[in-house]
Amino acid sequence: MAKNLLIVESPAKAKTIEKILGQDFEVKSCFGHIRDLEKDEMGIDVKKGFKPRYIVPDEKKKVVTELKQIAKKSDEVWLATDEDREGEAISWHLCEVLGLDPESTKRIVFHEITKPAIKSAVAAPRTVDMNLVNAQQARRILDRIVGFELSPILWRKMSMRGNLSAGRVQSVAVRLIAERERSINSFVPVSSFKVDAFFSAKDINGKAVQFKAEGSKYNQADDARKFLESCTGAKYSVADIQVKPTKKSPAAPFTTSTLQQEASRKLGYGVSRTMILAQKLYEAGHISYMRTDSVNLSDTAMDGITSQINTSYGKEYVQVRKFKNKNESAQEAHEAIRPTNMETIKVDIADAQKLYDLIWKRTMASQMADAELEKTIAKIEISTNKEQLTAQGEVLKFDGFLKVYMEGKDDDDENSEEDDAEGMLPPLSVGQQLNLREMKATERFSRPSPRYTEASLVKKLEELGIGRPSTYAPTISTILKRGYVEKRDKEGVKRDYRVLMLKDDKITTVTEQENTGAEKAKLFPTDLGLVVTDFLVQYFDDVMDYGFTARIENEFDEIALGKMKWNNMLNDFYIPFKEDVQNTLEKAERISGEKELGFEPESGKKVIARMGRYGPMVQIGDVNDEEKPRFAKLKNTQSIETITYDEAMELFKLPRVLGEFEEKPVQVNIGRFGPYIAHDGKFYSLSKEHDPYEVDLDTAIPIIIEKRKAKEERTIKVFEKEKIQLLRGPYGPYIKKGLRNFPIPKEKQESAANLEIAEVQKIIEEVIANPPKKRAPKKKKA
DNA sequence: CAGTGAGCGAGCTTCCGCTTGACTT
């Protein structure tokens, strides 16, 4: 039996550390937090100075029991949780649960899992820092108060049903998306005309090549035309050439957030996918810990990286760098994300190779030499005009880190529009005459900020100091699951733009078309998200403020330094907050996001759009009217905010009779489960590519025929006028009664076609009596 | 299943941060 028990958070770390420390230590993991606030009644005694009530959650009981047993048998317990606020709290909770004295129990920390780091940590133990623990408790309690006070307000005040929630992080994330959407919708593009001249000159081999020079931008088409006119008959010559050496430096090694961004840009992964794959790589020992905000690399890692660069590319490619973290909220408990062994190139894990390559390359590049470029800027004179044109070229003199890796660009990066296509210029000399092939003034429109992707939202949250590496992906899952936000593509719209062209001393104008506004896998707020956000901003502007987290983080820091009492801090927050809560419960009206669209001409009844119990809808008339109001669901792409009166009225055109087929009427409508076609007492649901408002008889009939045929092929037998059916499924035959499916016992599957009604009834009864095991039910309160 | 949307008012839901499995179809 080992004399010492050392506890870390992650089981994968435990294994590695046990190898390093040898026989004197048994290393175990506690799998993160082992205690949390009780779920009922807040878990906090506000009146007793915010005294928290902690419990060990059911799913943690097993780990805790095991740790208790081993702790009892060990001479000494060492706490080696992460060196950050949460890690310190975990150590303290371990003391509480394992019956250890926090004032004497050995607490050690390290930021990297390397032999020297761990050995020196063990040589210099300290004790649990209660100030830091208190800062964590304040953080935890504040989040609980905010979440568990705000969410019930939504349940009371929202007309929409479902499990709604609000919180310090998620609600602000939704707000970012909501505000971006509104700024896009109200954006008015402004056009300008950019002049480009195309010249030809001879390259080094004497071959004629074309190159581009840029002129000014004009806000009006007329001004652009005047400039082109002024150039008719002009001669062009090189007035000046400047050659400037420039440098490009590699980006810092990956943190969680930058890894998510790069995997999104280069591989198209959502943040959850990235994290699942990274977790697999970590568990297999291929990469360091993947939930980190640090850009630091251990000395051991640096040695591996530089020697790998040396062997692969040579000494001149090595350039050792220390990166500094840009954001203040970083807690830097771990290293940057890097390969554990730079010599490993192939990882034998499904789908994870590409992500590993990305990490490997980024890590390599971070310690490689700057790329050296030579930028040439040539000014071109126009004989008839005072203005000059500018041609730019770039030549790579030394590739440096670009040999392995170049960081991707977001579509909201400035200059990304222009500076990506800088090619080479042919050799030019001052005074050289140039032949103009053509000059164009192309109309360009200003663009709104792009919608967020999962990864660009994470970037923004990190900039604001909101959320942590371990919560970025789950936060996005939450706001998607709650229906506040949707991830989808948007088709672009065609837009005309003008091109004025000067060629052979003649000016012509042509109109061309471009596709604009197309976006892929972007986050859109739903009506629910917009309505809930507006409500929260109206009544809880302090918590919803983008600077709120940063402000309370400063106070948590004060607590951690022992300069502020944690319950005083909470009290200062709580008093005005609780007042807002009371006030809102009393005064706020039910939230429905109602918007008046107009009046129905025949009846004079009001037409409105609002949130209903089942989602966004339009309504004609009022509940208090004698006649019942009429309702219609909004289409997926429509929103309460932007729907027009005409679009709303269009929605009332369902149900619609399309015509007849086999002497029976064909009707299209929208039901609870979406749009469907009704014919001859049967229902055929419409797939997404069919818009129920567009469907006509000619499209409906093939759908009926095809679905009917597919159904026939799957049907084995029908009982009681189709109330009970025997169907063929992908895993074998099954029984369908009403909406419910019932499995057929294995031994009866082969002869399913011979089953009679009595036997079928018996199977159904048996299944109902002994329902198949479902996923473990959620724990209810005792 | 192919309907609704208010309100009546049980009984349900919820936060953020640490960590990984154990569950189905």
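The chains referred to below are lettered A, B, ... by the order of the sequence lines, with proteins before strands, and numbering in each begins at 1.
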Would you indicate what Ala166(A) reaches in the nucleic acid, counting non-hydrogen atoms under 4.0 angstrom: base, sugar-phosphate, or nothing? sugar-phosphate
Just to be sure I understand the rule, does Leu164(A) reach a base, reach only the sugar-phosphate, or reach nothing, if contact means heavy atoms closer than 4.0 Å? sugar-phosphate
How are the rings of His33(A) and His93(A) set relative to one another: parallel (under 30°), tilted (30 to 60°) or perpendicular (over 60°)? perpendicular
If you only use heavy atoms from C-beta on, which nucleotide in dT19(B), dG5(B), dC16(B) is closest to the side chain of Met617(A)? dG5(B)
Think Ser151(A) has a side-chain N or O under 4.0 angstrom from the OP1 or OP2 of dC15(B)? no
Give the nucleotide from the list dG5(B), dA2(B), dG7(B) with an atom nearest to the side chain of Phe631(A). dG5(B)
Carboxylate-amine/guanidinium proximity below 4.0 Å for Asp58(A) and Lys61(A): yes
Using the salt bridge (Lys or Arg N to Asp or Glu O under 4.0 Å) definition, which of the options Arg168(A), Arg468(A), Arg85(A) pairs with Glu553(A)? Arg85(A)
Establish, yes or no, whether the cationic atom of Lys13(A) lies under 6.0 Å from the six-membered ring centre of Tyr289(A) and within 45° of the ring axis. yes
How long is the line joining CD of Glu41(A) and C1' of dT13(B), in whole Å? 15 Å
Does a side-chain N or O of Gln170(A) approach OP1 or OP2 of dC15(B) to a distance below 4.0 Å, or not? yes
Describe the nucleic acid contact of Gly467(A) in one word from base, sugar-phosphate, nothing, applying a heavy-atom distance below 4.0 Å. sugar-phosphate
Without decimals, in angstroms, what is the distance between Leu132(A) CG and dC18(B) C1'? 14 Å
How long is the line joining NZ of Lys157(A) and C1' of dT14(B), in whole Å? 18 Å
Considering only dC15(B), dG5(B), dC16(B), which nucleotide approaches the side chain of Thr478(A) most closely? dC15(B)
Where each residue is assigned the nucleotide of DNA chain B containing its nearest heavy atom, which of Thr549(A) and Trp155(A) is assigned the position nearer the 5′ end? Trp155(A)
Quickly work out the Lys633(A) NZ to dG3(B) P distance and round it to whole Å. 12 Å
Using atom C1' of each nucleotide, how far apart are dT13(B) and dG9(B) to the nearest Å? 16 Å
Can you tell me the distance, in whole Å, between the CG atom of Asp36(A) and the P atom of dC15(B)? 12 Å
Lys157(A) side chain to Ala588(A) backbone, donor-acceptor under 3.5 Å: yes
Counting the atoms with a prime plus P, OP1 and OP2 as sugar-phosphate, which does Gly32(A) contact under 4.0 Å by heavy atoms, base, sugar-phosphate, or nothing? base
Mind calculating the distance between CZ (Phe577(A)) and C1' (dC15(B)) to the nearest angstrom? 11 Å
Measure from the ring center of Tyr684(A) to the ring center of His679(A) and say whether it is less than 6.0 Å. no
Is any side-chain N or O of Arg168(A) closer than 4.0 Å to OP1 or OP2 of dG17(B)? yes
Short side-chain N/O contact from Arg630(A) to OP1 or OP2 of dG5(B), under 4.0 Å: no
Has Thr526(A) got a side-chain atom pairing as donor or acceptor with Gly483(A)'s backbone, closer than 3.5 angstrom? yes
Please tell me which of His33(A) and Gly612(A) maps to the more 5' nucleotide of DNA chain B, matching each residue to the nucleotide holding its nearest heavy atom. Gly612(A)
I'd like a table of atom pairs between the protein and nucleotides 20-22 of chain B - only N or O on both sides, under 3.5 Å - with the distance next to each one.
| from | atom 1 | to | atom 2 | distance (Å) |
| --- | --- | --- | --- | --- |
| dT20(B) | OP1 | Ser10(A) | OG | 2.3 |
| dT20(B) | OP2 | Gln279(A) | NE2 | 3.2 |
| dT20(B) | OP2 | Arg291(A) | NH2 | 2.7 |

Rounded interatomic separation in angstrom, taking CG from Asp84(A) and C1' from dT19(B): 12 Å
Is it the case that the side chains of Gln619(A) and Arg610(A) hold a donor-acceptor pair, with the cut-off being a distance below 3.5 Å and no angle test? yes
With respect to the phosphate group of dT14(B), does any side-chain polar atom (N or O) of Arg482(A) fall under 4.0 Å of OP1 or OP2? yes
Does Ser159(A) use its side chain to pair, donor to acceptor, with the backbone of Ser592(A) at less than 3.5 Å? no
Donor-acceptor side-chain pairing of Arg482(A) and Ser165(A) below 3.5 angstrom: yes
CG of Leu37(A) versus C1' of dG17(B): gap in Å, rounded? 12 Å
Strictly below 4.0 Å, heavy-atom distances to any atom of DNA chain B: list the hits from residues 137-150 of chain A, or just say none. Arg139(A), Arg140(A), Asp143(A), Arg144(A), Gly147(A), Phe148(A)
With a 6.0 Å cut-off on ring centres, are Phe50(A) and Tyr574(A) close enough? yes
